[in-house]
Amino acid sequence: MDKVVKSDAEWRAQLSDLAYEVTRHHGTERAGSHEGFPKVPGTYHCICCDAPLFDQDTKFESYCGWPSFTSAKEDGPVGYTEDTRYNMRRTEVHCTRCDAHLGHVFPDGPPPTGLRYCINGVALRFVPE
Ligand SMILES: [Zn+2]
């Protein structure tokens with residue numbers, strides 16, 4: 001998948017203020033602020049570059065206030081960095097195609113992976129099957 005590189009001004013023009021803040025400046029949407037996604041089969045794409053990142057069938061209700069998944073798409077361009085901001089050791093999740101910040105992954109999820117990808121809703125675009 002080709003890398004997507006745009007200027008700050010281009011991202012700002014393309015994205016909503018909140019999506020821009022979250023994806024390009026490592027922001028976090030307010031817990032419970034995202035209105036949710038349709039519960040029909042489909043795929044979650046990167047709001048910035050449209051790469052497919054998560055499948056609907058890995059989404060689960062975590063009640064943490066953000067869309068949550070047990071795994072990223074197997075062939076999706078999802079990358080990880082260690083995030084030590086705010087005196088916490090967390091694993092940051094981003095789109096490797098365009099470097100959009102997506103959220104974090106925590107080791108307290110349900111089977112089969114035991115992982116909880118805690119992802120900002122504004123960083124995703126749902127595409128029904
Ligand atoms: Zn992307």
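Since this is a predicted model, take the numbers as computed values, not measurements. Index from 1, following the sequence.
- Contact between Pro77 and Pro52 at its shortest, heavy atoms only, is CD-O, 3.6 Å.
- Here the closest heavy-atom approach between residue Cys49 and residue Val4 is recorded as CB-CG2, 3.8 Å.
- Under the 6.0 Å cut-off for aromatic ring centres, Phe60 and Phe69 do not qualify, their centroids lying 6.0 Å or more apart.
- With 3.5 Å as the limit, one finds no donor-acceptor pair spanning the side chains of Tyr80 and Glu92.
- Nearest heavy-atom pair, Ser62 versus Arg116, reported as atom, atom and distance to 0.1 Å: CB-CD, 4.0 Å.
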Salt bridge (Lys or Arg N to Asp or Glu O under 4.0 Å) evaluation trace for Asp50 with Arg125: CA-CA 8 Å; Asp50 208 35; Arg125 186 173 75 84; 2.7 Å; yes
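- Glu129 has its side chain out of reach of Val40: every pair of non-hydrogen atoms, C-beta onward, lies at least 4.5 Å apart.
- The line from CG of Leu102 to SG of Cys46 is 6.0 Å long, rounded to the nearest 0.5 Å.
- In terms of the salt bridge (Lys or Arg N to Asp or Glu O under 4.0 Å) criterion, residue partners of Asp83 (sequence neighbours excluded) are, by chain and number, Arg85, Arg90.
- Checking each of Val78, Thr70, Thr91 against Val105 for a side chain to side chain contact (heavy atoms under 4.5 Å, CB included) leaves exactly one that passes, namely Thr91.
- Summarising the geometry, atom OG1 belonging to Thr43 is positioned 11.5 Å from atom CG belonging to Leu124; distances are rounded to the nearest 0.5 Å.
- With hydrogens and angles disregarded, a donor-acceptor distance shorter than 3.5 Å links the side chain of Lys3 to the backbone of Thr96.
- The two atoms that bring Trp66 and Cys118 nearest to each other are CE3-SG, 3.7 Å, heavy atoms only.
- Phe126 and Val122 end up in different hydrophobic clusters when Ile, Leu, Val, Met, Phe, Trp and Tyr side chains are linked at under 4.5 Å.
- With a 6.0 Å radius and a threshold of 12 heavy atoms from other residues, nucleotides or ligands, Asp17 has its CG atom at or below the threshold.
- Less than 6.0 angstrom separates the ring centroid of His101 from the ring centroid of His26.
- What you find for Leu15 and Cys48 is that their closest heavy atoms are CD1-SG, 3.8 Å.
- Contact annotation: the side chain of Tyr44 never approaches that of Pro67 to less than 4.5 Å [non-hydrogen atoms, C-beta and beyond].
- Note that SG of Cys95 is 11.5 Å distant from CD1 of Ile47, once rounded to the nearest 0.5 Å.
- The side-chain heavy atoms of Lys73 and Phe54, taken from C-beta on, include no pair separated by under 4.5 Å.
- Distance check: Gln14 CD to Thr23 OG1 gives 8.5 Å after rounding to the nearest 0.5 Å.
- Under a cut-off of 6.0 angstrom, the local environment of CD in Glu74 is sparse, with at most 12 non-hydrogen atoms contributed by other residues, nucleotides or ligands.
- The structure places CD of Glu21 at 9.5 Å from OG1 of Thr28, a figure rounded to the nearest 0.5 Å.
- In terms of modelled atom types and a separation under 3.5 Å, the side chain of Glu29 and the main chain of Ala123 share no donor-acceptor contact.
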Chi angles and distances behind the side-chain contact (heavy atoms from CB on, under 4.5 Å) call for His25, Tyr20: CA-CA 7 Å; His25 290 283; Tyr20 170 79; 3.0 Å; yes
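- Not a single donor-acceptor pair under 3.5 Å links the side chain of Glu82 to the backbone N or O of Arg89.
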Residue pair Arg24, Asp99: steps toward the side-chain contact (heavy atoms from CB on, under 4.5 Å) verdict: CA-CA 8 Å; Arg24 311 320 307 181; Asp99 296 328; 4.2 Å; yes
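- Note: Ser68 OG to Tyr63 OH = 11.0 Å, rounded to the nearest 0.5 Å.
- In this structure, Arg97 contributes its side chain and Asp2 its backbone to a donor-acceptor pair below 3.5 Å.
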